[in-house]
J.: 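Handing you this structure, nothing more for now.
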Amino acid sequence: MQITATKLTDIELLRRACDMTRHEGQSASTVSLAAMYRCEHSPIRTQLFWIEMSRIPTFVSVHLVRHSIGVTHYVESNRDDKGGKDTGRNMPVNHAMLINAQALMAMARKRLCSNAHVDTMRVMGRIKVAVADVDPDLAKAMVPDCVYRGGCHELKSCGARNE
């Protein structure tokens with residue numbers, strides 16, 4: 001399995017989006033990515049990434065495809081009429097995502113959770129490492145839901161303390 005991340009946009013686009021919300025005469029935005037990721041204001045959606053995953057299990061790909069806001073998925077077909085050989089849940093597939101920063105943060109909250117399947121957690125962890133290579137501030141914001149919300153709120157709690 002190999003996972004790579006390419007950042008398609010930069011902080012200047014984020015700052016330009018911030019500036020569009022300001023009135024004339026106000027100084028240009030100098031906000032940092034870290035600050036914007038912490039507050040999760042809408043300009044973080046200007047930060048776009050191309051994530052490629054090669055040979056991940058089909059069932060892990062299915063878990064990721066469940067996320068549909070702020071992301072477009074491109075998944076290798078397992079259909080026999082399209083060249084697929086096996087439709088088993090462990091069959092390796094190639095999967096790519098065009099995804100924005102906010103969607104990556106939301107995906108990480110569920111897929112880094114200790115209630116997620118161990119293989120899904122492993123793939124999401126590798127995505128986080130790949131993102132850290134191109135945007136370390138975003139990788140720091142990619143945390144499980146219990147960290148983000150101060151405790152586990154899943155129906156079957158992992159036991160993380162609820163505040």
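We count residues from 1, following the sequence as given. The structure displayed is predicted, hence computed values, not measured ones.
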J.: Got a sec, which residues hit side-chain contact (heavy atoms from CB on, under 4.5 Å) with Ala35, two or more places apart in sequence or on another chain?
T.: Val31, Ser32, Arg38
J.: Taking side chain as C-beta onward, heavy atoms only, is Ile127 less than 4.5 Å from Met97?
T.: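 Answer yes - side chains close enough.
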J.: Would you call Met53 and Met1 a side-chain contact if the rule is heavy atoms closer than 4.5 Å?
T.: no
J.: How is the hydrophobic cluster of Ile69 composed, in terms of its other members, when Ile, Leu, Val, Met, Phe, Trp and Tyr link through side-chain heavy atoms under 4.5 Å apart, directly or indirectly?
T.: none
J.: How long is the span from the CE atom in Met36 to the OG1 atom in Thr46, to the nearest 0.5 Å?
T.: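 Met36 CE to Thr46 OG1: 8.0 Å, rounded to 0.5 Å.
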J.: Look at Glu154 together with Lys110 and state whether they make a salt bridge at an N to O cut-off of under 4.0 Å.
T.: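 Looking at Lys110 together with Glu154, the answer is yes, because their closest N to O distance falls below 4.0 Å.
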J.: Is there side-chain contact between Leu33 and Leu138, with at least one heavy-atom pair below 4.5 Å?
T.: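 Side-chain contact under 4.5 Å: no.
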J.: If I compare all heavy atoms of Ala103 with all of Ile99, which pair ends up nearest, and what's the gap?
T.: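 In terms of heavy atoms, the two residues are closest at CB-CG1, 3.5 Å.
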J.: Between Arg16 and Asp19, is there a side-chain N and carboxylate O pair less than 4.0 Å apart?
T.: no
J.: Any heavy-atom pair between the side chains of Ile51 and Val131 that's under 4.5 Å?
T.: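 A side-chain contact exists here, since the closest heavy-atom pair is under 4.5 Å.
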J.: Is the shortest side-chain heavy-atom distance between Glu52 and Ile3 below 4.5 Å?
T.: no
J.: Evaluate the side-chain proximity of His95 to Val65: yes if any heavy-atom separation is below 4.5 Å, no if none is.
T.: yes
J.: Would a 4.5 Å heavy-atom cut-off, applied to side chains only, mark Val93 and Ile56 as touching?
T.: yes
J.: How far apart are the closest heavy atoms of Glu76 and Pro92, and which atoms are they?
T.: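 For Glu76 versus Pro92, the nearest heavy atoms are OE1-O, 4.2 Å.
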J.: With ring pair (Phe, Tyr, Trp, His ring centres under 6.0 Å) as the rule and sequence neighbours excluded, what pairs involving residues 36-62 come up?
T.: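 Applying ring pair (Phe, Tyr, Trp, His ring centres under 6.0 Å) to every pair that reaches into residues 36-62, excluding sequence neighbours, yields Trp50-Tyr74, Phe59-His63, Phe59-His117.
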J.: Within the distance-only criterion (no hydrogens, no angle test), does the side chain of Lys128 pair as donor or acceptor with the backbone N or O of Met142 below 3.5 angstrom?
T.: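 Judged by distance alone, yes, a pair lies under 3.5 Å.
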J.: Should Met105 and Ile44 count as side-chain neighbours, where that means a heavy-atom distance under 4.5 Å?
T.: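 They are in contact (side-chain heavy atoms under 4.5 Å apart), so the answer is yes.
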